[in-house]
Undergrad: 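To start, I am sharing the structure in question, which I have written as structure tokens.
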Amino acid sequence: MREFLEFIAKHLVDKPEDVKITMEDRENRVIFRLQVGQGDVGKVIGRRGRTANAMRVLLSAVAAKEGKRAVLEILQ
């Protein structure tokens with residue numbers, strides 16, 4: 001799941017080397033915290049949050065295959 005999220009985030013931003021993902025695993029839930037460079041936050045969130053929502057939907061689908069729930073937090 002982490003590699004999948006990292007792949008998507010690095011292809012959305014201008015500075016892929018600034019993409020950092022931390023992961024916290026709790027029972028059935030995995031929390032991903034995505035941090036990108038200052039100018040790239042808007043690109044990850046998208047207009048009206050559509051890009052962020054799409055990333056969350058895809059991440060949930062991948063997590064469901066593994067029998068877990070995933071949460072994506074985008075840090076500024």
Side-chain angles (χ1 to χ4, degrees):
M1 285 187 286
R2 181 186 173 125
E3 294 82 17
F4 177 72
L5 183 60
E6 188 173 4
F7 176 80
I8 293 172
K10 284 188 175 186
H11 282 83
L12 286 173
V13 298
D14 288 332
K15 297 177 184 174
E17 64 274 1
D18 289 346
V19 173
K20 292 180 182 76
I21 298 174
T22 57
M23 190 172 101
E24 184 179 332
D25 201 357
R26 296 183 186 171
E27 298 175 17
N28 287 7
R29 191 166 56 165
V30 182
I31 300 171
F32 290 97
R33 291 184 178 88
L34 174 64
Q35 188 172 7
V36 296
Q38 180 116 11
D40 290 329
V41 175
K43 292 181 181 180
V44 173
I45 294 174
R47 288 190 179 157
R48 297 186 183 206
R50 289 182 182 161
T51 304
N53 281 338
M55 289 173 63
R56 287 183 176 110
V57 168
L58 291 171
L59 187 61
S60 295
V62 172
K65 280 187 166 184
E66 296 181 15
K68 295 185 177 184
R69 294 189 65 191
V71 177
L72 174 62
E73 295 178 357
I74 300 172
L75 305 176
Q76 295 184 12

Undergrad: Step by step, work out the side-chain contact (heavy atoms from CB on, under 4.5 Å) result for Met55 and Leu34.
TA: CA-CA 11 Å; Met55 289 173 63; Leu34 174 64; 3.9 Å; yes
Undergrad: Enter the distance from Ile45:CD1 to Thr51:OG1 here, rounded to the nearest 0.5 Å.
TA: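 Nearest 0.5 Å value for the CD1-OG1 distance: 9.5 Å.
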Undergrad: Hey, what do you get for CD1 (Ile74) to CZ (Phe32), rounding to the nearest 0.5 Å?
TA: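 With rounding to 0.5 Å, CD1 (Ile74) is 13.5 Å from CZ (Phe32).
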Undergrad: Tell me whether Gln76 at atom CD has more than 12 heavy atoms from other residues, nucleotides or ligands lying less than 6.0 Å away.
TA: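 12 or below, so no.
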Undergrad: Please determine which of Arg29, Arg26, Glu24 meets the side-chain contact (heavy atoms from CB on, under 4.5 Å) test together with Val71.
TA: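 Among Arg29, Arg26, Glu24, the one meeting side-chain contact (heavy atoms from CB on, under 4.5 Å) with Val71 is Arg29.
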Undergrad: Can you see which heavy atom on Ser60 is nearest to which on Ala70, and at what distance?
TA: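 Result for this residue pair: OG-O, 4.1 Å.
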Undergrad: To the nearest 0.5 Å, how far apart are NZ in Lys10 and CG in Asp18?
TA: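 Lys10 atom NZ to Asp18 atom CG measures 10.0 Å (nearest 0.5 Å).
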Undergrad: Arg2 and side-chain contact (heavy atoms from CB on, under 4.5 Å): which partner among Ile21, Thr22, Val30?
TA: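 That would be Ile21; it is the only one of Ile21, Thr22, Val30 passing the side-chain contact (heavy atoms from CB on, under 4.5 Å) with Arg2.
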Undergrad: Going hydrophobic residue to hydrophobic residue with side-chain gaps under 4.5 angstrom, can you get from Leu59 over to Ile31?
TA: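 No, Leu59 does not connect to Ile31 through the hydrophobic network.
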Undergrad: Answer yes when Lys15 and Asp40 have at least one side-chain N-carboxylate O distance shorter than 4.0 Å, and no when they do not.
TA: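 No.
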Undergrad: Can you list every pair that meets salt bridge (Lys or Arg N to Asp or Glu O under 4.0 Å) and has a residue in residues 46-69, with sequence neighbours left out?
TA: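 Counting only pairs at least two positions apart or across chains, the salt bridge (Lys or Arg N to Asp or Glu O under 4.0 Å) contacts touching residues 46-69 are Asp25-Lys68.
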Undergrad: Who pairs with Lys20 by side chain to side chain contact (heavy atoms under 4.5 Å, CB included), at least two apart in sequence or on another chain?
TA: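 Per chain and number, Lys20 pairs via side chain to side chain contact (heavy atoms under 4.5 Å, CB included) with Gln35.
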